[in-house]
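Structure first, commentary second.
Throughout, a chain's letter reflects where its sequence line sits, starting with A, and its residues are numbered from 1.
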There are 2 protein chains.
Amino acid sequence: MSLQHPATADLVLPAVLHALSDPHRLQIVQALATSETPLRCGTMGLSITKSTATHHFRVLRDAGVIHQVEDGTARLNSLRREDLDARFPGLLDAVLGAVPAVPA
Amino acid sequence: MSLQHPATADLVLPAVLHALSDPHRLQIVQALATSETPLRCGTMGLSITKSTATHHFRVLRDAGVIHQVEDGTARLNSLRREDLDARFPGLLDAVLGAVPAVPA
DNA sequence: CCAAATGTACGGCGATCGTCGTATAATCGA
DNA sequence: TCGATTATACGACGATCGCCGTACATTTGG
């Protein structure tokens, strides 16, 4: 049995924006965006406990920002780029472009 | 004494996204975006009490999304378009483009 | 001057959020 | 088989959120 993900048409803006409004979740999204391949939960350098990380991944998945597939004991995460672009054109790119925007 | 607004350089993405993650606040932002001139708080058809509205306007102002100037007993609200575009290029447009995206 | 209008401040309410610890399930490697 | 690894589930905690009612401050108009 696979994991629950909202359909593209069911993505709602407030939920997506809320999912993106947490620094840790933004870090996850950025890590996925800069990766060629799906990433496991434990490989993103999050400075939080595993249970908290699980919570954040769930928020992102429930909002439709990421897609998760089980792979043994691990879980492979990927960005739902096309779905987000289809539903909210330009939004993801704008957020990703703004994330590293805290230079010296 | 005028109202407190964060400087453009002090705008932070999570706070802005959080401010935009509420339907009522999105409604305010959309109303301001589609208006040629600044709008008073009471002219946006919000189905909430005045004190709740005050709260939402404060969240938007603290995040740097809107600008408020006092005008007699009223308060004139405007979008900080240029500041947001400078700090987070494309973000506001993407959000505004996505807002009416819940048709039948 | 007084009343109406506009919006804020304060306090309270239930709900959600972010965090954690502990316990648990599932898979892989020795 | 057994232990290590990966991640979840559950319950708890304080903090914040969204909402409201009431009281208040300020300005405008009669």
Side-chain angles (χ1 to χ4, degrees), chain A residues 1-6 12-32 35 37-78, chain B residues 1-6 12-32 35 37-78:
Chain A
M1 156 235 124
S2 54
L3 295 161
Q4 277 286 97
H5 295 80
V12 286
L13 184 60
V16 170
L17 293 176
H18 171 251
L20 296 175
S21 72
D22 178 88
H24 290 130
R25 293 196 288 263
L26 276 178
Q27 184 180 343
I28 293 171
V29 169
Q30 190 185 25
L32 294 177
S35 168
T37 60
L39 296 178
R40 295 187 333 224
C41 294
T43 63
M44 304 188 201
L46 297 171
S47 54
I48 49 179
T49 60
K50 281 197 232 183
S51 34
T52 303
T54 295
H55 161 70
H56 287 310
F57 281 104
R58 164 177 281 277
V59 172
L60 287 169
R61 175 164 49 89
D62 287 348
V65 176
I66 67 172
H67 186 260
Q68 294 187 300
V69 284
E70 309 206 337
D71 174 48
T73 82
R75 219 165 249 202
L76 294 180
N77 302 276
S78 52
Chain B
M1 157 233 126
S2 54
L3 294 162
Q4 276 287 97
H5 295 80
V12 286
L13 184 61
V16 169
L17 292 175
H18 172 252
L20 296 174
S21 71
D22 178 89
H24 289 130
R25 292 196 290 262
L26 276 177
Q27 184 180 343
I28 293 171
V29 169
Q30 189 183 24
L32 294 178
S35 168
T37 59
L39 296 179
R40 295 188 331 219
C41 295
T43 62
M44 305 189 202
L46 297 172
S47 55
I48 48 178
T49 60
K50 283 199 270 185
S51 32
T52 303
T54 295
H55 161 70
H56 286 311
F57 281 104
R58 163 177 282 275
V59 172
L60 288 169
R61 176 164 48 89
D62 286 349
V65 176
I66 67 171
H67 186 260
Q68 294 187 301
V69 284
E70 309 207 336
D71 175 47
T73 82
R75 220 168 248 204
L76 294 181
N77 302 275
S78 52

Roughly, in whole Å, what's the span from [atom1] in [X] to [atom2] in [N]?
| X | N | atom1 | atom2 | value |
| --- | --- | --- | --- | --- |
| B:Asp22 | C:dC17 | CG | P | 12 Å |
| A:Lys50 | D:dT5 | NZ | C1' | 7 Å |
| A:His55 | D:dA9 | NE2 | P | 13 Å |
| B:Arg61 | C:dG7 | CZ | C1' | 12 Å |

Give the nucleotide from the list [options] with an atom nearest to the side chain of [X].
| X | options | result |
| --- | --- | --- |
| B:Gln68 | C:dC20, D:dC20, C:dT8 | C:dT8 |
| A:Ala74 | C:dA9, D:dT6, D:dG18 | D:dT6 |
| B:Ile48 | C:dG7, C:dT19, D:dC20 | D:dC20 |
| B:Thr73 | C:dT19, C:dT6, C:dA9 | C:dT6 |
| A:Thr52 | D:dA7, D:dC19, C:dT19 | C:dT19 |
| A:His56 | C:dG18, D:dA9, C:dT19 | C:dT19 |

Expected output: side-chain [X] to main-chain [Y] donor-acceptor under 3.5 Å:
| X | Y | value |
| --- | --- | --- |
| A:Arg40 | A:Arg75 | no |
| B:Gln27 | B:Gly45 | yes |
| A:Asn77 | A:Leu39 | yes |

Side-chain N or O of [X] less than 4.0 angstrom from OP1 or OP2 on [N]?
| X | N | value |
| --- | --- | --- |
| B:Arg58 | C:dA9 | yes |
| B:Arg75 | C:dT6 | no |
| B:His24 | D:dC19 | yes |

Checklist line | Residue met sooner reading DNA chain C from 5', once A:Gly72 and A:Arg25 are mapped to nucleotides | finding: A:Arg25
Notebook entry, point to check: Does A:Ser51 get its side chain close enough to the base of C:dG21, under 3.5 Å, for a donor-acceptor pair?
Noted result: yes
Notebook entry, point to check: Under 3.5 Å, is there an N or O donor on one side and an acceptor on the other linking the side chain of B:Thr54 and the base of C:dG7?
Noted result: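 A donor-acceptor contact between them is absent.
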Check: Can you tell me if A:Ser51 and A:Thr54 form a side-chain donor-acceptor pair at under 3.5 Å?
Finding: no
Next item on the list: Verify whether the ring centers belonging to A:His5 and A:His67 lie closer than 6.0 Å.
Entry: yes
